[in-house]
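Worksheet: the structure to be examined is printed underneath.
Computed from heavy atoms alone, side chains included, the values below leave out hydrogens, waters and symmetry copies.
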Amino acid sequence: MTDDKPISGGDVTKDWQATQGQKSGATRLRLFAALAWIVAIGGEIAGIFLLYRHKFDQGNLPLLIGILVGIAIFAIAGSLLWKAANRHDPARESETFKFFVQNQLGAIITLIAFLPLVLLILNDKNMDPKTKKVAGGVGAVLAVLATLIGVSYQPPSVEQYTQDMNSCAAQIKAGQPTTACSPEVAAQAQEIATDSSTVAAATKDAAHPAGQDVVYWIAPENGAAKSETEHVFHLCAAVSPLKDKTVNSGSVTEAYAQNAIRITKQIEMEQKQCGFTTSQ
């Protein structure tokens, strides 16, 4: 049977998903970011150890500055790598805590890598005053700089990518300049646009000479918003694969939203079953 309830939200995919390649790339970048942060925190630990050994009481300023610069370099590198990973595989803005932590982790780790050491330098009563002043000032400046670089000011989100993907697909279908087609969403938007064009070409009839952007697919199980397994979408509800099934209908974009992301391979057979012309 066909589900007569309209899918909420119109022609909007509700769940952009990172491709396997994007997820793999994000995992690699996050691993490298974690390694960079481990080195930064290791530098901090080394600096604290040397402070407690009184290595900077009477000099060794270049060594201490070198440690602070090294921490900054690796903290910033980690933050940039982490931001790049988030562009490949962003968090959902609706998951507020996770969204904040995932996007601001670079700034958080940078503070962890700097604050204890800088505070110890500024509060060290045995350190040479000149060394304390210079090292404390340099450490504070580097900490602020690295933290600001670590902050994600316009973090990507699944919701934003979903909006961009649909805008990109609409631009492709309309033959407009693809201003919304960022690298992260372009491939999936192209798939939607291509499938929409295929469906339109296959569903032309006297009433719809330009075809339609309406397809049919097996509804998600137990009233879920999205099927756990991938489904095929079809040209009408009367095709044999949908017999005795609970069926949803909507645009190709809406089908993708419910994990019906594969167009039928039996176009000609379904055209006949649905009553569409096969002369095209």
L142: which of I73, V118, L68 passes side chain to side chain contact (heavy atoms under 4.5 Å, CB included): L68
Minimum heavy-atom distance between A40 and A75, given as atom pair plus value: CB-N, 3.9 Å
Shortest non-hydrogen separation from A33 to G78 and the atoms involved: CB-O, 3.3 Å
Any side-chain heavy-atom pair of P241 and V232 under 4.5 Å: no
Rounded distance (nearest 0.5 Å) linking atom SG of C236 with atom CD of Q273: 7.0 Å
In one Ile/Leu/Val/Met/Phe/Trp/Tyr side-chain cluster, 4.5 Å: L122, F56: yes
Close side-chain approach of L50 and L63, heavy atoms under 4.5 Å: yes
Enclosure of F32 CZ (heavy-atom neighbours >12, cutoff 6.0 Å): no
Minimum-distance pair of heavy atoms, taken over all atoms of H231 and I218: CD2-O, 3.9 Å
Test log, rule side-chain contact (heavy atoms from CB on, under 4.5 Å), inputs I109 and W82: CA-CA 11 Å; I109 295 295; W82 191 264; over 6 Å; no
Hydrophobic cluster identity match, F114 and L61, side-chain contacts under 4.5 Å: yes
Steps toward side-chain contact (heavy atoms from CB on, under 4.5 Å) verdict (F233, V214): CA-CA 10 Å; F233 54 84; V214 181; over 6 Å; no
Cluster check L120, V69: I/L/V/M/F/W/Y, side chain < 4.5 angstrom: yes
Non-hydrogen atoms of A107 and V151 that approach each other most closely: CB-CG2, 3.8 Å
Check: D89 main-chain N/O paired with Q22 side-chain donor or acceptor under 3.5 Å: no
S227 versus Q258, side-chain donor and acceptor atoms under 3.5 Å: no
Side-chain touch N103/K83, heavy atoms, less than 4.5 angstrom: no
Side-chain heavy atoms of T110 within contact of S79, under 4.5 Å: yes
I71 backbone acceptor or donor facing E44 side chain under 3.5 Å: no
Heavy-atom neighbours of F74 CZ exceed 12 at 6.0 Å: no
Verdict with supporting geometry, V215 and H234, side-chain contact (heavy atoms from CB on, under 4.5 Å): CA-CA 5 Å; V215 292; H234 305 270; over 6 Å; no
Hphob cluster co-occupancy, L117 + I112, side-chain heavy atoms under 4.5 angstrom: no
Chi angles and distances behind the side-chain contact (heavy atoms from CB on, under 4.5 Å) call for E159, F99: CA-CA 11 Å; E159 291 85 348; F99 183 75; 5.9 Å; no
Exercise: identify the closest heavy-atom pair between A91 and Q102: N-NE2, 3.4 Å
Heavy-atom donor-acceptor pair, Q271 side chain to A202 backbone, under 3.5 Å: yes
Sub-4.5 Å side-chain heavy-atom contact between P209 and K204: no
Backbone of V199 reached by a side-chain donor or acceptor of Q212 within 3.5 Å: no
N/O donor-acceptor pair under 3.5 Å between Y216 side chain and G250 backbone: no
Side-chain heavy-atom pair V239, L242 within 4.5 angstrom cut-off: yes
Backbone of E254 reached by a side-chain donor or acceptor of S251 within 3.5 Å: yes
Side-chain donor or acceptor of S196 paired with backbone N/O of V252 under 3.5 Å: no
N/O donor-acceptor pair under 3.5 Å between D128 side chain and T131 backbone: yes
Path from L64 to V138 over hydrophobic side-chain contacts below 4.5 Å: yes
Non-hydrogen atoms of I121 and G136 that approach each other most closely: CG2-N, 3.8 Å
